[in-house]
> 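Here it is, the structure in full.
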Amino acid sequence: MIKRIHYVIMLGMIGFFALILVNTSSNPVRESFTYFPPDPEVTFDSASTSLTILTQDDEDEYTLDWKTESSLSEVAYLRQDLSFLYEEGRLIDSMSIWKENTATLRQKKESTSEDSGHYEAITYHYGEIHYPNDVIKSAQQLSYDQLYVIDSPMTPLESFKEASSEEEKEWQYILDHAMDQQAQLVFKAMVTEYNLHPEDYYIFPLTSLDQFQQRTLPGLSQKQTADTIGGIWEGLYKNYFLGIIPPNGPTESPIGSTIPIILLHKHSPYLLILFQTKSGKNIELIQYLNEPILEPQDTEE
């Protein structure tokens, strides 16, 4: 039995960004970042994530084009975008970019793959704004895209975002059903290990988090929703993107890990983030809300 592990992520804590300590590519990776309270005067003019088929290299491979773009309404002291790419519910790549004194960020990657698959990419767009007297605020936005790729020896390579034809609907069902079955097996194992009662939580995957930009998370106010989303991404950056630290064993790469599942408690001010590493270790992070939750709501999970 794997020992239970908790990383405590407190919301509303003011801190300072670390200096650059790691530089693994042309886009340096920062050691960590801290979420700051939202600035109502600063918003994103645009924020997007895009997945498309770029080329078909040969009969067995194709190249996936993955892009993110965001532009803030004003120049920020710091801009950062963090994006995760999943195939069939497992992380296959990530990318992060940050710059000082800018409003706009763009980044892209190409990923070679084969066989049919369902790809999902979610991006956290962030801006840090500094004011006199050491006042620091932030702006954040999420964007998401998905792509179904059908690579069958009987038909030409094709892709779609939303199924329209009967053939596309059939492929979408096949791919989603296989992914959902595997995700349910992993989730049940984590529920058993951590002795959780799913009926006590609102449950949703990280890849659906962009749906809560125009509406609140169940039981939370608008401010709590913003703080909670910021805290989730702060925690994932430190404990997922930069490397997963299991309770027993060396740090693991997040590549091959499952999509994090968020469990927001219906009655107590905390949430859990659950995922499984490529090696099969279950990880549980806990995040405490800085305000009590509101009355529970009837919301689809």
Side-chain angles (χ1 to χ4, degrees), residues 22 24-27 29 48-58 60-69 81-97 106-125 142-152 157-161 171-172 174-187 190 204-210 232-233 236-246 251-262 273-283:
V22 182
T24 58
S25 67
S26 58
N27 290 330
V29 176
S48 65
T49 298
S50 172
L51 293 174
T52 57
I53 293 294
L54 186 63
T55 60
Q56 182 170 2
D57 301 317
D58 54 40
D60 299 320
E61 292 186 345
Y62 54 87
T63 299
L64 193 70
D65 190 39
W66 171 31
K67 298 178 181 178
T68 74
E69 181 276 334
D81 283 356
L82 171 63
S83 190
F84 295 131
L85 176 62
Y86 296 93
E87 179 185 9
E88 306 299 330
R90 293 274 177 173
L91 185 70
I92 61 170
D93 208 347
S94 64
M95 59 180 177
S96 176
I97 183 173
R106 295 183 180 90
Q107 59 180 340
K108 67 176 182 177
K109 266 190 178 183
E110 295 177 5
S111 178
T112 301
S113 190
E114 59 184 19
D115 299 326
S116 301
H118 179 203
Y119 299 90
E120 296 179 276
I122 187 164
T123 306
Y124 181 68
H125 310 276
L142 292 169
S143 64
Y144 168 86
D145 198 19
Q146 66 173 351
L147 189 70
Y148 291 87
V149 178
I150 310 305
D151 188 10
S152 169
L157 180 73
E158 65 172 305
S159 64
F160 60 88
K161 297 183 184 296
W171 272 109
Q172 180 176 335
I174 291 171
L175 293 172
D176 286 350
H177 183 66
M179 186 175 74
D180 291 344
Q181 281 191 318
Q182 182 61 34
Q184 284 297 323
L185 289 175
V186 172
F187 182 70
M190 292 188 291
F204 44 91
L206 178 72
T207 46
S208 70
L209 203 58
D210 65 306
I232 287 171
W233 283 90
L236 288 176
Y237 188 91
K238 297 173 181 177
N239 303 300
Y240 185 75
F241 172 71
L242 292 180
I244 302 167
I245 305 176
T251 300
E252 294 188 31
S253 166
I255 301 301
S257 62
T258 60
I259 296 174
I261 302 298
I262 299 164
I273 303 174
L274 305 179
F275 56 88
Q276 187 180 85
T277 68
K278 182 180 180 180
S279 66
K281 295 183 177 68
N282 295 330
I283 303 295

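Index from 1, following the sequence.
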> Could you go step by step and tell me if L274 and V186 meet the side chain to side chain contact (heavy atoms under 4.5 Å, CB included) rule?
CA-CA 10 Å; L274 305 179; V186 172; over 6 Å; no

> For L209 and Y144, run side chain to side chain contact (heavy atoms under 4.5 Å, CB included): C-alpha distance rounded to whole Å, both residues' side-chain angles, the deciding distance at 0.1 Å, then the answer.
CA-CA 9 Å; L209 203 58; Y144 168 86; over 6 Å; no

> Could you state the interatomic distance from CD1 (I273) to CD1 (I262), rounded to the nearest 0.5 Å?
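I273 CD1 to I262 CD1: 5.5 Å, rounded to 0.5 Å.
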
> Using modelled atom types and a 3.5 Å cut-off, is there a donor and acceptor pairing between side-chain atoms of K108 and backbone atoms of E69?
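No: the side chain of K108 does not pair with the backbone of E69.
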
> Rounded at 0.5 Å granularity, tell me how far OG in S116 sits from CD in E87.
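One gets 10.0 Å once the value is rounded to the nearest 0.5 Å.
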
> Once you round to the nearest 0.5 Å, how far does CD of E114 lie from OH of Y62?
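With rounding to 0.5 Å, CD (E114) is 8.5 Å from OH (Y62).
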
> What's the separation between atom CD1 in I244 and atom OG in S279, rounded to the nearest 0.5 Å?
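Reported value, rounded in 0.5 Å steps: 8.5 Å.
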
> What's the shortest heavy-atom distance between G256 and R90, and which atoms?
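Residues G256 and R90, closest heavy atoms: O-NH1, 2.9 Å.
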
> Tell me, yes or no, whether the heavy-atom count around K278 atom NZ, taken from other residues, nucleotides or ligands under 6.0 Å, exceeds 12.
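Open.
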
> Do I53 and L147 have side chains that get closer than 4.5 Å, going by heavy atoms?
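Heavy-atom side-chain distance check passes, below 4.5 Å.
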
> Looking at L54, is its backbone amide N or carbonyl O close enough to the side chain of T63 to form a donor-acceptor pair, meaning the two atoms are under 3.5 Å apart?
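Looks like no, no N/O pair under 3.5 Å.
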
> Keeping K67 on the side-chain end and S48 on the backbone end, is there a donor-acceptor pair under 3.5 Å?
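Not confirmed, K67 side chain does not pair with S48 backbone.
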
> Taking all heavy atoms of L206 and all of I259, pick out the closest pair and write down the distance.
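Taking every non-hydrogen atom into account, N-CG2, 3.9 Å.
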
> Any idea which heavy atoms bring K161 and D145 closest together, and the distance?
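So the two residues come closest at NZ-OD2, 2.7 Å.
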
> May I have the step-by-step check of side chain to side chain contact (heavy atoms under 4.5 Å, CB included) for I150 and L175, ending in yes or no?
CA-CA 10 Å; I150 310 305; L175 293 172; 4.1 Å; yes

> Please name the pair of heavy atoms, one in I283 and one in P246, separated by the smallest distance, quoted to 0.1 Å.
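For I283 and P246, the tightest heavy-atom pair comes out as CD1-CA, 4.0 Å.
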
> Any chance the side chains of S83 and Q107 put a donor and an acceptor closer than 3.5 Å?
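S83 vs Q107: no donor-acceptor pair found between side chains.
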
> Where does the angle between the aromatic ring planes of Y240 and F84 fall among parallel (under 30°), tilted (30 to 60°) and perpendicular (over 60°)?
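Aromatic pair Y240/F84 classed perpendicular.
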
> Considering non-hydrogen atoms only, spot the tightest contact between K109 and S94 and give its length.
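K109 and S94 have their closest heavy atoms at NZ-O, 2.8 Å.
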
> Should L91 and F275 be marked as a side chain to side chain contact (heavy atoms under 4.5 Å, CB included) after you check the CA-CA gap, both sets of side-chain angles, and the distance that decides it?
CA-CA 11 Å; L91 185 70; F275 56 88; over 6 Å; no

> Could you check if a side-chain atom of T49 sits within less than 4.5 angstrom of a side-chain atom of I122, using non-hydrogen atoms only?
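The answer is no; the side chains never approach within 4.5 Å.
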
> Compare every heavy atom of E61 with every heavy atom of T112, then report the nearest pair and how far apart it is.
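Looking at all heavy atoms of both residues, the closest pair is CG2-OE1, 3.6 Å.
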
> Once rounded to the nearest 0.5 Å, what's the spacing between atom CG of L85 and atom CD of E120?
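Nearest 0.5 Å value for the CG-CD distance: 9.5 Å.
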
> Is there side-chain contact between H125 and L142, with heavy atoms separated by less than 4.5 Å?
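They are not in side-chain contact.
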
> Consider only side-chain N and O atoms of S113 and Y119, and report whether a donor and an acceptor are under 3.5 Å apart.
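Indeed, the side chains of S113 and Y119 share at least one donor-acceptor pair under 3.5 Å.
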
> Measure the spacing between CD of E110 and CG of L64 and express it to the nearest 0.5 Å.
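Going from CD on E110 over to CG on L64, the span is 9.5 Å.
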
> Among F241, Y237, W233, find the residue that satisfies the ring pair (Phe, Tyr, Trp, His ring centres under 6.0 Å) test when tested with Y124.
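The ring pair (Phe, Tyr, Trp, His ring centres under 6.0 Å) with Y124 is passed solely by W233 among F241, Y237, W233.
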
